Amino acid sequence: MTVGRFAPSPSGRMHLGNVFTALLAWLSVRSQGGEMLLRIEDLDPERSKGEYIEALRDDLRWLGLDWDREMPLQSTRAAAYAEAFAKLPTYPCYCTRSELHEASAPHASDGTFLYAGTCRDLTQAEREQKRRKPAWRVRVPDETVRFTDGVFGPQSENLATQCGDFIVRRSDGVYAYQLAVVCDDGFGGVTEVVRGSDLLGSTARQIFLYRTLGLPVPRFYHVPLLVAPDGKRLSKREKSLDMAHLRQNHSPQALLGRLAHLAGLTGNDAPVSAAELTAAFRWDKIGTEAVIIPADF
Ligand code: GLU
């Protein structure tokens, strides 16, 4: 059975971009008669706010995007992450942000720096001399991860030359998103991951973690970004596109009707419920091009 999930971060009110991702994740699962999970990613204690958690659930209900199970909040899952972390080939990294920049190799595939390996082979004595709390990196092999994204097609990334050893636990003790997402989706039995295309570049390292932890690898669908008419990415700062404003200006059906039409799911933008869209949904209607949102949305 298909098990899908929507995994929003409660760092702000839901935005039109999150609505789009949630809609496609939901349609994919419902059109296959699968199970939908809600998994709120409150991993980062500094950026997550309790008020947004309740707002997320309320906004999804208003949209008619229901879920069958809610997974535990990430803030309660440190023991599970610790267990997974212990199974990984990790080492402590003492580099400061500026040291990382100085020693940086070419950009890795997601725009972050490729780690130069400075702390990879420190001796125990060298580690003991360091005076700061380390972050922890996982040692990646010289191996190419290949997968076929359900929207973006065949992808490949060499872990050593395009990704580099990456952080799985930050120096403040918080486990990294890359590790948490794999533990949580693995634990939830998730078979398909639908999320924004900004995370396409994280997928190879997550597949490496799934394999290293002996968890089944889900299928991935990365959905195109929403952009303004000038081609610029819609930012969370555009308040008119957050759910507080969208709910004032649209009914759920009117909102979904316009969004579904802009995304190429339907032939017109007439109001439609999420449930009614299920029949019109097919992944091959979703292209890789960014979806342009008119200024008067
Ligand atoms: N929490 C992430 C976001 O809101 C999505 C992570 C994921 O779906 O893997 O962008």
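Keep in mind that the numbers below use all heavy atoms, side chains included, and drop hydrogens, waters and symmetry copies. None of these values were measured; they are calculated from a predicted model. We count ligands from 1, going down the list as the structure has it; atoms in each ligand are counted the same way.
- Each of the following atoms of ligand 1 lies closer than 4.0 Å to a heavy atom of Leu199: 5 (C), 6 (C), 7 (C).
- Counting only residues at least two apart or on different chains, the ring-ring contact (aromatic ring centres under 6.0 Å, His included) pairs with a member in residues 278-297 are Tyr221-Trp283, His250-Phe297, Phe281-Trp283.
- Between Ala7 and ligand 1, at least one pair of N/O atoms sits closer than 3.5 Å.
- A donor-acceptor pair is defined here as one N or O able to donate and one able to accept, closer than 3.5 Å; such a pair exists between the side chain of Arg30 and the backbone of Gly34.
- No close placement of the Trp67 and Phe6 rings is indicated, their centers lying 6.0 Å or farther apart.
- Close approach of ligand 1 to Val181 is summarised as follows: ligand atoms under 4.0 Å from at least one heavy atom of the residue are 9 (O).
- Each salt bridge (charged side-chain N to carboxylate O under 4.0 Å, His left out) pair with one or both residues in residues 273-291, not counting sequence neighbours, appears once here: Arg282-Asp284.
- There is no side-chain donor-acceptor pair under 3.5 Å between His15 and Asn18.
- Contact annotation: for Asp198 versus ligand 1, there are no heavy atoms closer than 4.0 Å.
- Scanning Gln206, Glu41, Arg195 for the heavy atom closest to atom 6 (C) of ligand 1 points to Glu41.
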Does the pair Asp184 and Arg5 meet the rule for a salt bridge (charged side-chain N to carboxylate O under 4.0 Å, His left out), with working shown? CA-CA 10 Å; Asp184 290 344; Arg5 87 320 187 247; over 6 Å; no

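- At least one N or O atom of Tyr177, backbone or side chain, sits closer than 3.5 Å to an N or O atom of ligand 1.
- Proximity of Arg5 to ligand 1, defined as any heavy-atom pair under 4.0 Å, is confined to the side chain (atoms from C-beta onward).
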